[in-house]
Student: 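Below: one structure in structure tokens.
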Amino acid sequence: MQMPSRSSLTVVLAAGEGTRMRSKLPKVLHQVAGQSLLAHVLRAAPAGRGTSLAVVIGPDHAAVADEARRNRSEAQTFIQRERLGTAHAVLAARDAIAKGADDLLVVFGDTPLISAATFERLRAPLKNGAALAVLGFRAADPSGYGRLLMEGKRLIAIREQADASEEESKVTLCNAGVMALDGRKALELLDGIDNANSKGEYYLPDAVGISRNMGWEAVVVETSEDEVRGINTKAQLAEAESVMQARLRKQALDAGVTLIAPETVYLAADTKFGSDVTIEPFVVIGPGVSIADGAVIHSFSHIVQSSIGKNASIGPFARFRPGTSIGEGARVGNFVEMKATTLEAGAKVNHLSYIGDTEVGARTNIGAGTITCNYDGFSKHKTTIGEDAFVGSNSSLVAPVKIGNGAYIGSGSVITKDVPGDAMSVERSQQMIREGGAVRYREIRTKNKKQKDH
Ligand code: UD1
Ligand code: MG
């Protein structure tokens, strides 16, 4: 029988400056696998019917509020004006908590490796009547963490490092910082927390002792240290990146992607793969990339915000900047940079080119060294190239410019005016006439056309 599902409110604490990152960027906006720390946490937090979300941010952190809404449009943000501790931070979202969801989840914005499954595991004891469940882990080095003090299977208190006795400091079972509270008891617990400790802060972990005093049950749910790594420094950011990359590579392999040397491939948290995709060694994939069935990404390619069609072949040494879209069976070879460009099915750009703000029609061939001159020093302009066209090597296409279907641009041309369909560029036709080749080209085209018509 399906139990009616419990409603939840997740409060994400993200008011910290992150001084130890030594950066102007608020801590939770630093990235792991192409997404902010905050985005990772928001992605793992319960979503859908019966869930709500509150993010507690520092004053002057409008960028954090924007990032929250970009990832979860329903997120409410609350400002904590003074940093008086984690319990004080949670209470910044009092209005949301007072609505009384069944489960109140509290998570830190700087623990990007937490999974959705762990949130669910942590909620389970609340169903069975516990007032509070704390996520714990066995720390290799517990220094700095709150220690979980147990009596058998019962959690009796959490002691912060600064307040711990020598005996308590030896405990290695630590507070990960994620907590689930019975939504109807939460305010009573939170309002009971004082700041009588060595730092003079309102500690969220004190909710455990209070719960015990009320005669309510508090429990621990354990997880691995890797999942709850908190990011305070750039070194920890790099460690989290490596844990996340290992996960993403495994997910890709499990999904059938061929990674010849997985440890050399960098993926983003949102990379999408079709079936039978192959990625050669030393490829970097940034955010917003999808790679369709059968595509091959050759070594040393760098791809961001782009979509790659079925059976396309990319690289080695291709660079795709945002807005690149590669059609089925298209080929992009070495030392080709593309940006805001669509390459339709079967088109080829095999060597040494810059193609930006451009549409390239199906089956068109762009010769080596072709440059779309999209920037005139003031603004960007578009290049449109039709189907079955041929752009000879070392041509410059000075945008805005249109090249029609089946047009032929001779090598070394500088195209500043539109070239109509099935035409040869003036430069090339003059040259071909000098060489006696124009007629031959026309013959070839006519022949090809006839074959197609059959
Ligand atoms: C906290 C826990 C500790 C736990 C550890 C796990 C407390 C008192 N201690 O310690 O038991 O083992 O995390 O990493 O909770 N924040 C605010 N406003 C504040 C204070 C903090 O938003 O006034 C935010 C921070 O930005 C951060 C999170 O809360 O995201 C935790 O604060 P932090 O100072 O890192 O706590 P720790 O000392 O690491
Ligand atoms: Mg911390």
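Counting starts at 1 for both ligands and their atoms, in listed order. All values below were derived from every heavy atom in this structure, side-chain atoms included, with hydrogens, water molecules and symmetry-related copies excluded.
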Student: Among residues at least two apart in sequence or on other chains, which ones pass side-chain contact (heavy atoms from CB on, under 4.5 Å) with Val283?
Tutor: Ile279, Ile285, Ile297
Student: Please identify each residue that fulfils side-chain hydrogen bond (donor to acceptor under 3.5 Å, both in side chains) with Asp206, with sequence neighbours left out.
Tutor: none
Student: Kindly write out the residues that satisfy ring pair (Phe, Tyr, Trp, His ring centres under 6.0 Å) with Phe108, not counting sequence neighbours, or none if the list is empty.
Tutor: none
Student: Flag this pair as yes if the NZ/CZ of Arg319 is under 6.0 angstrom from the six-membered ring centre of Tyr354 and inside a 45 degree cone about the axis; otherwise no.
Tutor: no
Student: Run the salt bridge (Lys or Arg N to Asp or Glu O under 4.0 Å) check on Glu239 and Arg229 step by step: do they pass?
Tutor: CA-CA 9 Å; Glu239 282 166 20; Arg229 280 166 192 277; 2.9 Å; yes
Student: Please answer whether the main-chain N or O of Pro262 pairs with a side-chain N or O of Thr264 as donor and acceptor at a distance below 3.5 Å.
Tutor: no
Student: Tell me, which residues have any heavy atom less than 4.0 Å from some atom of ligand 1?
Tutor: Leu13, Ala15, Gly16, Gln80, Arg83, Leu84, Gly85, Thr86, Ala89, Phe108, Asp110, Tyr145, Gly146, Glu160, Asn175, Ala176, Tyr203, Pro205
